[in-house]
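Numbers restart at 1 for each chain; the letters A, B, ... are given by sequence-line order, proteins then strands. Every heavy atom of this structure was used, including side-chain atoms; hydrogens, water molecules and symmetry mates were not.
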Number of protein chains: 2
Amino acid sequence: MGGESVLNTTIADLARITGLAKSTISGILNGKTGFSEKTRKKVMQLAQEHGYIPNEIAKGLSSRSTKSIGLIIKDITNPFYNHITKGVQEVAIEHGYTVFLCSSGENQELEIDHIEAMVRKRVDGLVIVPLLEEVSFDHIFDLKRKRMPFVTLGQIPGLSCDTFEFDDYDGGCQVTQHLISKGHERIGFVCGLKTSKASKQRLTGFLDTMKQHGLVPDEALIFKETGSMAEAQEIGRRLAASDDRPTALICFDDVIAIGVIKAFMAAGLNVPNDMSVIGFDDIDTTAFPLSSVSIPTYEAGKAMGTRLFDRIFQRDDSDFRYVKYDLKLVERASVKNLFSP
Amino acid sequence: MGGESVLNTTIADLARITGLAKSTISGILNGKTGFSEKTRKKVMQLAQEHGYIPNEIAKGLSSRSTKSIGLIIKDITNPFYNHITKGVQEVAIEHGYTVFLCSSGENQELEIDHIEAMVRKRVDGLVIVPLLEEVSFDHIFDLKRKRMPFVTLGQIPGLSCDTFEFDDYDGGCQVTQHLISKGHERIGFVCGLKTSKASKQRLTGFLDTMKQHGLVPDEALIFKETGSMAEAQEIGRRLAASDDRPTALICFDDVIAIGVIKAFMAAGLNVPNDMSVIGFDDIDTTAFPLSSVSIPTYEAGKAMGTRLFDRIFQRDDSDFRYVKYDLKLVERASVKNLFSP
DNA sequence: TTGTATGCGTTATCAA
DNA sequence: TTGATAACGCATACAA
């Protein structure tokens with residue numbers, strides 16, 4: 001099963017046809033020097049004529065490099081990961097590499113399966129966005145033991161490897177600070193999934209900043225776990241129906257914020273007049289003036305790819321890199337200034 | 001370069017350790033019958049202990065099946081393709097396959113490069129969303145000649161293969177019909193890229209429907225080519241500044257529609273009061289009540305994946321399948337009814 | 001400048 | 001029930 005496709009011409013074929021040795025063909029095809037111009041021309045032309053396409057599987061077996069890397073993300077449909085993916089992809093292409101895209105769907109078992117599949121496929125390296133909370137990391141440590149080059153988005157406790165991170169704690173502080181500066185004191189917070197470290201850190205930033213200002217958050221306004229826009233809409237509906245709403249709501253990401261806003265619109269309520277909303281990711285496919293924290297996902301994707309290829313090519317095992325990106329609040333019109341009537 | 005990672009234990013290793021032959025180890029590991037329970041146990045346990053992970057590159061060379069497929073899309077960051085990708089991915093995973101994701105960025109050369117890379121990698125099959133207008137198809141015909149299993153989204157002239165399509169012409173008719181029924185007569189149309197057949201067909205649907213109603217579209221309101229949200233915003237700005245705006249604007253996709261709406265908002269104008277807007281794709285990450293044509297991208301992704309695997313496993317060698325999906329207008333609040341004050 | 005031989009990790013075909 | 005041996009397509013060290 002599987003195969004059956006028409007045989008591509010192989011180096012052996014070309015050797016037979018030209019009467020040359022396989023090694024000669026191979027050398028010429030790979031641009032090595034030390035061949036007469038005459039045979040080189042002959043080989044090149046024949047390869048052209050026969051539509052020779054090198055078999056990278058065979059190449060990979062013998063050269064121990066598959067010219068492919070794996071990218072493990074959490075959710076294909078989230079713009080956040082789209083931009084990470086785009087960045088990684090572009091770097092890969094520059095190096096003549098191809099990328100296996102795997103989405104864990106925020107499911108640790110799937111993440112583990114995907115990573116194992118990648119090592120079975122003998123990729124040359126891996127960019128991983130792992131689940132980071134309430135999970136184990138054995139599979140990542142295994143990777144290091146196998147000396148598989150990889151970089152992660154988000155720091156794994158106790159593991160030294162190339163790590164990239166966003167300053168989510170500071171992001172949580174920034175939005176809270178911003179809301180407070182606009183006169184908000186009763187502020188709600190919608191968390192992401194409990195496997196998300198980013199969510200936890202943004203929440204901590206929120207909590208700490210509230211405290212610094214002598215404000216105490218209402219437990220009832222902290223939504224512990226939200227995994228989809230549908231769930232966000234449900235939260236929005238509950239809030240819209242409540243007579244004890246917060247004046248502002250911080251959402252783990254823009255997808256959640258949009259869900260909440262949709263529910264408000266459907267209920268005939270207005271953002272920010274009936275409640276202010278602020279999100280994270282600054283996604284650009286929302287025609288709503290949502291204030292949001294901009295995250296350099298594309299840059300991070302590029303940087304992770306670049307770093308991975310450094311490791312793949314010049315395997316210096318020392319000196320793991322740690323990069324933390326700043327987040328930046330982008331003010332739009334979804335936050336009401338309670339000081340100005 | 002490339003390799004150098006710590007040697008994984010191989011079948012040969014296990015053979016040496018157990019004193020058995022490689023073929024025995026291989027057979028047992030692959031669940032073949034005809035081995036004594038004793039040796040089977042011994043081998044399985046040893047493989048476990050040594051963390052044996054099969055080398056699928058070697059497996060691929062010998063078995064001629066790489067357990068991977070390629071997916072060629074146009075744009076990673078567009079939700080339309082995210083859902084296609086998600087559908088294809090899920091089917092691949094069900095079959096224990098992995099997918100190479102390639103984005104052509106609407107660039108034919110890149111599309112060709114990617115496809116060639118996929119055959120170099122000897123993928124078992126391909127799902128392709130090709131450029132369809134103003135381009136050549138030699139590389140796709142080549143694929144067929146090589147007997148590489150593949151399915152396409154969008155029909156390629158003169159090529160019989162498994163093809164999936166959306167009824168874009170009808171979609172164009174639907175939106176136009178809808179606008180006309182709301183009293184619009186002066187309607188603009190923003191095209192996508194000129195390599196997009198979907199764009200061309202939606203435009204034709206628009207033109208034909210206008211004609212049927214005795215309406216003649218203003219050439220100046222047909223924007224021939226738009227490749228990004230930035231360009232859409234520019235169009236929106238021009239329209240916003242114009243004193244001769246259409247009453248309604250059909251946009252090739254929601255991303256373009258959102259660009260236009262953003263520009264209108266920035267200019268202090270309102271959709272639909274100052275102009276109605278309607279899009280395609282019905283993307284859900286917009287908190288604006290955009291009327292849009294819903295497209296079953298996820299279903300199509302699943303169907304294309306499913307069909308591809310049928311071909312790969314030759315479970316089905318019958319005639320090529322052609323599927324055309326219906327599109328469905330979803331009314332929201334971005335279209336003004338000119339009949340009701 | 002070109003050819004020979006061997007190996008990469010697996011599967012598969014025969015024998016034993 | 002198990003074991004040699006030869007592919008698979010290519011790279012490479014070494015010979016010629």
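Computed from coordinates, the B:Lys121 NZ to D:dC10 P distance equals 15 Å when rounded to whole Å. Here C:dC8 presents its P atom at 7 Å from CZ of A:Arg64, a figure rounded to the nearest Å. Atom CD1 of B:Ile25 is separated from atom C1' of C:dT10 by 13 Å (rounded to the nearest Å). Straight-line distance from the CD1 atom of A:Ile11 to the P atom of D:dC10: 5 Å, rounded to whole Å. One atom, CG of B:Leu20, and another, P of C:dT11, lie 16 Å apart when rounded to the nearest Å. Rounded to whole Å, atom C1' of D:dG3 lies 16 Å from atom CG of B:Leu14. Rounded to whole Å, atom P of D:dG9 lies 17 Å from atom CG of A:Asn30. With rounding to whole Å, B:Arg16 atom CZ is found 16 Å from C:dT10 atom C1'.
Of the side-chain N and O atoms in B:Thr10, none sit less than 4.0 angstrom from OP1 or OP2 of C:dC8.
The base of C:dT11 has none of its N or O atoms less than 3.5 Å from a complementary donor or acceptor on the side chain of B:Lys22. The base of C:dT2 lies outside donor-acceptor range of the side chain of A:Thr24, with no N or O pair under 3.5 Å. Residue-to-nucleotide contacts include a donor-acceptor pair under 3.5 Å from the side chain of A:Ser23 to the base of C:dT4.
Judged by closest nucleotide on DNA chain C, A:Gly34 is the one of A:Gly34 and A:Leu61 placed further toward the 5' end. If A:Pro54 and B:Ser36 are placed on DNA chain D by their nearest nucleotide, the residue sitting closer to the 5' end is B:Ser36. When each of A:Ala21 and B:Ser26 is assigned the nucleotide of DNA chain C bearing its nearest heavy atom, the one mapping closer to the 5' terminus is A:Ala21.
Here A:Leu153 contributes atom CG and A:Lys197 contributes atom NZ; the two are 10.0 Å apart, rounded to the nearest 0.5 Å.
Between B:Met304 and B:Ile84 the shortest side-chain heavy-atom distance falls below 4.5 Å.
B:Lys32 comes within contact range of the sugar-phosphate backbone alone, with a heavy-atom separation under 4.0 Å but no base atom that close.
Remark: B:Lys144 NZ is packed, more than 12 non-hydrogen atoms of other residues, nucleotides or ligands lying under 6.0 Å away.
Residue A:Thr39 has its side chain nearest to C:dT2 when only D:dG9, C:dT2, C:dT11 are considered. Residue B:Ser63 has its side chain nearest to C:dT11 when only D:dT2, C:dG9, C:dT11 are considered.
Note that A:Lys324 lies outside the cation-pi zone of A:Phe166, set by a 6.0 Å cut-off to the ring centre and a 45° limit from the axis.
In this pair, B:Tyr97 and B:His95 present their aromatic rings perpendicular. The plane angle is above 60°, beyond the 30 to 60° band.
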